[in-house]
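Hydrogens, waters and symmetry mates play no part in the numbers below; they use all other heavy atoms, side chains included. Both counts, for ligands and for their atoms, begin at 1 and track the order of listing.
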Amino acid sequence: MSFSSLPGLLSSPSHPLQPYGWDADWEAEFAPFAEQGLLPGRVARVDRGLCDVVTPFGTVRADTEFVVPRDPMKVVCTGDWVAVDPEGSNPRYVRSLLPRRTAFVRSTSSKRSEGQVLATNIDHVVICVSLAAELDLGRIERFLALAMSCSTGEALLHNAADSWESGAQPLVVLTKADLVPDAVTLSYLVQDVETTAPGVPVLAASATTGEGIDVLAAVAAGGTSVLLGQSGAGKSTLANALLGEDVMDVRATRDVDGKGRHTTTTRNLLVLPGGGVLIDTPGLRGVGLWDAGTGVGQVFAEIEELSAQCRFQDCAHIAEPGCAVLAAVESGELPVRRLDSYRKLMRENQWIIAKTDARLRTELRRDWKRKGAEGKAAMEAKRGRWG
Ligand code: GDP
Ligand code: ZN
C-alpha cells in the first residue's frame with residue numbers, strides 16, 4: 001500500500017488497529033508522530049532487541065535500538081503502543097514509545113531500583129483459581145496483591161504517571177466450576193472469595209460446560225486482559241475458550257493433581273473474536289506470588305489503615321504495646337486469618353527484596369546479629385542470675 005493512502009486509512013471509522021485497542025486517546029498521543037510520517041503499532045512480541053509490531057499494514061519486524069534506553073522500565077514490551085518507521089525503511093526502527101496507561105512490572109527489588117516490565121497497557125487482570133482443589137484464600141489474596149501492583153505499578157511513576165488514569169481492574173475467575181458438585185456449594189465458594197476480595201468481581205466459570213465464559217468474554221471485550229494464576233489453573237483452556245480456537249496447547253499429561261501441561265505459541269498478543277485483546281507472555285506465565293510487591297497494601301487496606309494508629313511507626317503488629325491492629329483482632333473487627341495472611345505476605349516480600357537488594361540484606365543481617373547478641377546477653381544475664 002502506498003504511503004499516500006495512509007491518512008485516509010487512519011481516519012476511517014473502523015481503524016485497522018481498533019481490534020488491537022486503538023482509540024481516540026491513542027490517536028491523540030500519536031498525532032505528532034503521524035506528522036513525521038511514522039506508523040502507529042502495537043507490540044505483539046519482543047525478542048532480543050527486535051519486536052513484532054502490528055501496524056495498519058500488517059505485522060512488521062522492527063528494531064528497538066532507538067528507544068532502548070538505560071532505564072529498563074522503558075524497554076519496549078508486549079502491549080506497548082509505538083511509532084515505527086513506514087514501509088521502505090531498512091532497517092525499520094521503533095522510533096518512540098507512547099506513554100503507557102498501565103504496566104505490569106515484576107518488582108525485582110526495592111522501591112528505588114528497577115523492575116522488569118512484563119506487559120503494558122492492560123485493563124483487566126484476570127486471576128484464575130481452580131476449583132479442582134480446595135480454595136486457598138491466602139493465595140488468592142497474594143495474586144490480588146500482584147494484580148494490584150499492576151495498577152499502581154511504580155513504572156508509571158517513572159514513565160507515564162499523568163496519562164495513567166485508573167489502572168488495571170482485577171477479576172477473580174474460579175475455574176473448573178463443573179467439578180463442584182452443586183450450585184449451593186458453588187455459591188458459597190464464590191461468596192468466600194468475594195469476602196476475601198472486597199470490591200473485586202468474582203466469577204465462576206467452566207470451559208467444559210461453558211458456564212461464565214460469556215461473562216468473561218464480555219469483560220475481556222472492554223480492553224486488554226492478562227490471565228494470571230498457578231500452573232494448571234486452567235488459563236490456557238480459558239484462553240482457548242475466549243479465542244474460540246485452540247491457540248494454547250493444553251496437554252493433560254500426568255494429570256494426577258488437576259495440573260495439566262501447556263506449551264504456548266509465539267503469539268503473545270491475541271485479538272479476541274468477541275472484542276478485546278489477550279496478552280499471554282512467557283514472562284507473565286512465570287510470574288510468581290513473590291512478585292506481589294506494592295499491591296500488598298491495597299489488598300490489606302484495612303490493616304494498613306489500622307497500622308496508622310499504632311503507637312510505633314514501625315509496629316510489626318506482633319506484641320507491641322498500643323498496636324491498633326492487634327486491638328482490632330481482639331475486638332473481632334479484624335479476622336485473625338487476615339492478619340496471618342498479611343504477615344506472611346509481608347515476610348515473603350521482605351525475603352524477596354532481601355534476595356535482590358544488597359543494602360537491605362546487610363541491614364537485615366545487622367538486625368539479626370543485634371537480635372542474636374541481645375538474645376545471648378539475655379541468656380547470659382539469666383544464667384548469671386540462676387546459674
Ligand atoms: P494452565 O496451566 O493454567 O494454562 O492450565 P490448563 O489450561 O493447561 O489446564 C490444566 C488442566 O485443567 C487441564 O488438564 C485442563 O483440561 C483442565 N481444565 C481446564 N479447564 C477446565 C474446566 O473448565 N473443567 C475441567 N473439569 N477441567 C478443566
Ligand atoms: Zn501494630
Under 3.5 Å between any N/O of [X] and any N/O of ligand 1: does that happen in this structure?
X    : answer
L238 : no
A205 : no
G232 : yes

Flag for [Y]-[X]: side-chain donor and acceptor within less than 3.5 Å:
X    : Y    : result
T185 : D182 : yes
S206 : E211 : no
R42  : T224 : yes

May I have the angle between C310 SG and C323 SG with its vertex at the Zn ion (ligand 2), rounded to 10°?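 An angle of 110° at the metal.
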
- Message: Under the side chain to side chain contact (heavy atoms under 4.5 Å, CB included) test against T78, which residue among N121, L118, I279 passes?
- Response: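 Filter result, single survivor: I279.
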
Quiz item: Heavy-atom count around Y188 OH within 6.0 Å, excluding the residue itself: above 12?
Solution: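 No, because the 6.0 Å sphere around OH of Y188 holds 12 heavy atoms or fewer from other groups.
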
* **Residues, nucleotides or ligands: over 12 heavy atoms within 6.0 Å of E330 CD** =>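 No, not enclosed.
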
Considering only N, O or S atoms of H317, the one closest to the Zn ion (ligand 2):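 Atom name of the closest N, O or S in H317: ND1.
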
By number and element, which atoms of ligand 1 are closer than 4.0 Å to a non-hydrogen atom of [X]?
X    : answer
S236 : 1 (P), 4 (O), 7 (O)
T237 : 6 (P), 7 (O), 9 (O), 15 (C), 19 (C), 20 (N)
Q230 : 3 (O)

Query raised in the report: Quick one: does L179 get within less than 4.0 Å of ligand 1, heavy atoms only?
Result: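 L179 counts as a contact of ligand 1 under the 4.0 Å cut-off.
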
Measure the distances from the heavy atoms of G229 to every atom of ligand 1 and state whether one is below 4.0 angstrom.
->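 Heavy atoms of G229 never come under 4.0 Å of ligand 1.
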
message = Would you say that C315 contacts S307 through its side chain, given a criterion of any heavy-atom pair below 4.5 Å between the two side chains?
response =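 Of all side-chain heavy-atom pairs linking S307 with C315, none is under 4.5 Å.
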
